[in-house]
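Numbered from 1 within each chain, the chains take letters A, B, ... in sequence-line order.
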Number of protein chains: 2
Amino acid sequence: METVGRLAGVSQVTVSRALSDPSKVSPATLAKIHEAIAQTGFVPNALAGALASSKSMLISALVPSITNIVYSSMVKAFSEEMRREGYEILLSETGFNAEEEEKLIAAHLSRRPDAMFLTGIHHSAQARRMLLAAEIPVAEVWDITDSPIDFCVGFNHAETGRAAADFARRKSYPQVGVVSAGDERARRRSEAFLRQWHRSGEGASVSMLFDAPATLANGRAGFRGLLDKGFTGGLVHCSSDLLAHGVIIEAQSRGLDVPGRIAVLGFGDQPFADAVEPRITTVRVDMAAFGRAAAQSMLARLGGDRTGPPVIDLGFEIVEREST
Amino acid sequence: METVGRLAGVSQVTVSRALSDPSKVSPATLAKIHEAIAQTGFVPNALAGALASSKSMLISALVPSITNIVYSSMVKAFSEEMRREGYEILLSETGFNAEEEEKLIAAHLSRRPDAMFLTGIHHSAQARRMLLAAEIPVAEVWDITDSPIDFCVGFNHAETGRAAADFARRKSYPQVGVVSAGDERARRRSEAFLRQWHRSGEGASVSMLFDAPATLANGRAGFRGLLDKGFTGGLVHCSSDLLAHGVIIEAQSRGLDVPGRIAVLGFGDQPFADAVEPRITTVRVDMAAFGRAAAQSMLARLGGDRTGPPVIDLGFEIVEREST
DNA sequence: CTGTTAGCGCATTCAT
DNA sequence: ATGAATGCGCTAACAG
């Protein structure tokens with residue numbers, strides 16, 4: 001800025017002002033400054049700016065996995081909203097691991113983000129302490145709790161399981177199967193489904209709980225497992241659309257009619273759910289809406305408005321299609 | 001650090017050293033310092049550190065879309081390698097837009113990243129200029145060129161199209177169809193495929209070029225389009241496995257046998273390609289390997305070793321399965 | 001092994 | 001509308 005200023009015949013401060021608030025500089029000098037910037041190829045140093053102003057315009061975001069469309073589409077919507085206001089996103093993967101998350105939170109906090117986006121509501125005690133001490137807005141997204149660190153936006157996972165069980169009862173399936181991926185929230189949905197199923201009537205249940213991510217291949221393997229364990233027909237509750245699709249493919253390849261013999265319920269309403277044969281009945285949750293709501297609430301807090309609600313429940317909806 | 005130092009009975013510098021190079025501090029004072037850190041909940045300010053040392057330990061990464069598994073899995077592998085060495089990733093989406101990319105490059109450079117990861121080899125002149133002026137390692141990934149900004153790691157897209165056409169000739173398909181998404185590299189693969197097809201023999205070709213991302217739904221629509229345009233049977237070359245899967249679903253739902261009547265060739269060897277019915281023949285490119293190779297080469301450069309090759313061609317391979 | 005002294009490049013006062 | 005002075009929190013020499 002010093003150099004640019006000399007070239008434009010002004011001081012360093014004036015260059016700073018020209019960049020941060022042009023209205024405070026006369027049009028004439030503004031023009032000279034811009035010309036000098038173009039000549040020198042000057043790129044402002046945001047590190048120095050952040051250090052001086054205590055505003056990094058950086059938002060830290062932690063997700064379990066960036067290759068999982070559920071999380072990446074939340075982050076996508078979130079960062080689009082935040083970038084519109086000039087914020088940049090520092091993104092890292094925790095790999096569904098609380099210890100890793102704690103380390104990452106420490107690493108991210110050292111870069112002095114203006115706010116933080118976390119996935120889920122379970123964090124280590126130390127992580128909570130650091131976050132509280134940082135005194136910045138913290139969004140916990142994709143789940144809800146009565147005691148968020150700052151605020152949370154999501155839906156009740158167990159409730160989707162119960163709703164699915166009620167759905168299965170309404171449709172009078174004789175028995176149910178469960179195929180679930182390894183993450184804690186998927187497990188919570190599946191367990192709530194089973195509990196509600198058994199609480200509400202007769203009929204066996206068979207489960208295949210993976211300790212692995214949701215993939216098509218696991219969906220197929222899961223369905224084979226259900227058959228091995230004696231599943232003869234009814235509704236298969238899957239913790240993800242990807243698993244549901246795998247179940248359908250495996251059932252079809254064995255000549256088992258979907259939904260005649262095997263009905264399949266997915267989760268997530270991912271784009272392909274509506275494009276396969278048969279189209280997948282699923283629990284729809286609007287991933288992008290979570291990201292947008294988190295951004296909106298975060299921006300309000302960054303603007304000094306701390307009156308927003310601590311819990312934002314965006315709900316879910318069972319979309320009935322042809323797989324049930 | 002001042003406060004921590006006072007608590008531990010040492011000066012601020014000693015605290016700094018204890019954190020950056022513990023071997024330079026005696027075990028006794030090291031213990032005292034760590035205790036003081038625990039008591040105060042001190043979190044070092046990486047902004048100040050970066051400003052003072054001109055090393056931000058930040059790597060800037062730009063991808064067209066984070067929800068696209070192709071790019072997210074490259075970035076995943078890349079960031080895992082970089083994080084192991086203490087680097088953090090500042091990630092943004094360009095949306096396949098060169099202007100947007102240019103703005104993002106400027107924004108990212110202002111945070112003084114130690115290196116930059118870009119997708120593809122086409123960047124605006126201004127972007128190239130800024131990158132060159134920044135004098136940092138720059139990886140251009142997912143494509144290759146003889147004149148990278150710094151170094152590139154990828155494969156020859158046109159070559160995959162030619163290889164696919166040769167494959168179609170070897171298998172003696174009577175005609176070919178093309179379903180392609182809107183991005184420039186997909187287009188390059190498809191065009192090379194068509195050129196080679198026509199150059200190497202007889203047989204009609206029909207194309208459906210979308211101006212949209214690759215989705216299952218577009219795959220289905222694409223195949224309907226091919227039929228409308230008179231495609232009667234042969235190989236369908238798809239610019240992505242997702243499109244290929246859509247083509248298969250649409251063909252099957254119309255009672256057209258795959259691969260008997262319609263053969264389908266995908267691109268990417270995404271995990272599901274091997275898990276659907278029939279399993280998809282595809283052009284395999286190892287996304288994670290690109291990320292790892294980029295990280296490896298970048299780390300070498302960050303370590304001062306500038307002898308690495310400017311062009312790293314990791315190639316591709318046609319994996320024949322049941323859809324052809 | 002530890003401390004002193006100088007900046008890093010800006011934004012933020014307070015002047016004028 | 002512009003400038004001078006000061007400090008953000010840390011690292012990098014240089015001493016001792």
Notebook entry, point to check: If you look at every strand shown and take non-hydrogen atoms under 4.0 Å, does A:Glu2 touch a base, only sugar-phosphate, or nothing?
Noted result: nothing
Notebook entry, point to check: Is any side-chain N or O of B:Arg112 under 3.5 Å from a base N or O of C:dG9, one able to act as donor and the other as acceptor?
Noted result: no
Note to self: Between A:Ser53 and D:dC8, is there a contact of a side-chain N or O with OP1 or OP2 at under 4.0 Å?
What the structure shows: no
Check: To the nearest angstrom, how far is A:Leu51 atom CG from C:dC8 atom C1'?
Finding: 9 Å
Item checked: Atom CD of B:Gln39 with >12 non-hydrogen neighbours under 6.0 angstrom -> yes
Notebook entry, point to check: Between C:dG9, D:dC10, C:dT2, which one does the side chain of B:Arg17 approach most closely?
Noted result: C:dT2
Next item on the list: Count the heavy atoms of every other residue, nucleotide or ligand shown that sit under 6.0 Å from CD of A:Gln296, and state whether that count exceeds 12.
Entry: no
Check: How close or far is atom P of C:dG9 from atom CG of B:Leu47, stated in whole angstroms?
Finding: 15 Å
Next item on the list: Mind calculating the distance between CG (B:Asp114) and C1' (D:dT11) to the nearest angstrom?
Entry: 14 Å
Check: In whole Å, what is the span from the CD atom of A:Gln12 to the P atom of D:dG7?
Finding: 16 Å
Next item on the list: For A:Asn45 and C:dG7, give me the distance from atom CG to atom P, rounded to whole Å.
Entry: 18 Å
Next item on the list: Please figure out whether A:Val43 or B:Gly9 has its closest DNA chain C nucleotide nearer the 5' end.
Entry: B:Gly9
Checklist line | Charged N-O contact under 4.0 Å between A:Glu184 and A:Arg187 | finding: no
Next item on the list: Under 4.0 Å between any heavy atoms, over every strand shown, what does B:Val25 touch: base, sugar-phosphate, or nothing? Just pick one.
Entry: sugar-phosphate
Margin query: Once you measure the plane-to-plane angle for A:Phe78 and A:Phe117, does it fall in the parallel (<30°), tilted (30-60°) or perpendicular (>60°) bin?
Written below: tilted
Note to self: Counting only side-chain nitrogens and oxygens, does B:Thr29 get under 4.0 Å of the OP1 or OP2 atom of C:dT2?
What the structure shows: yes
Item checked: Comparing B:Ser54 and B:Ser23 on DNA chain C - which has the more 5′ nearest nucleotide -> B:Ser23
Notebook entry, point to check: Would you call B:Asp150 and B:Arg306 a salt bridge, taking side-chain N to carboxylate O under 4.0 Å as the test?
Noted result: yes
Notebook entry, point to check: How is A:Lys55 classified with respect to the nucleic acid when contacts are heavy atoms under 4.0 Å: base, sugar-phosphate, or nothing?
Noted result: nothing
Check: When the distance from CE of A:Met1 to P of C:dC8 is rounded to whole Å, what number comes out?
Finding: 15 Å
Notebook entry, point to check: Given A:Leu314 and A:Ile312, is the side-chain contact (heavy atoms from CB on, under 4.5 Å) satisfied, shown in steps?
Noted result: CA-CA 6 Å; A:Leu314 259 33; A:Ile312 303 173; 3.4 Å; yes
Next item on the list: From the options C:dC10, D:dA13, D:dT11, select the nucleotide whose nearest atom is closest to the side chain of B:Ala52.
Entry: D:dT11
Next item on the list: Please determine, for the side chain of A:Phe42, which listed nucleotide (C:dC10, D:dT11, D:dG3) has the closest atom?
Entry: C:dC10
Checklist line | Closest nucleotide among D:dT2, C:dG9, C:dG3 to the A:Ala48 side chain | finding: C:dG9
Check: Would you say a side-chain N or O of B:Ser16 is under 4.0 Å from OP1 or OP2 of D:dC10?
Finding: no
Notebook entry, point to check: For the pair made of CG in B:Asp21 and P in C:dC1, what is the distance, rounded to whole Å?
Noted result: 10 Å
Next item on the list: Measure from the side-chain heavy atoms of B:Thr14 and tell me the nearest of C:dG3, C:dC10, D:dG3.
Entry: C:dG3
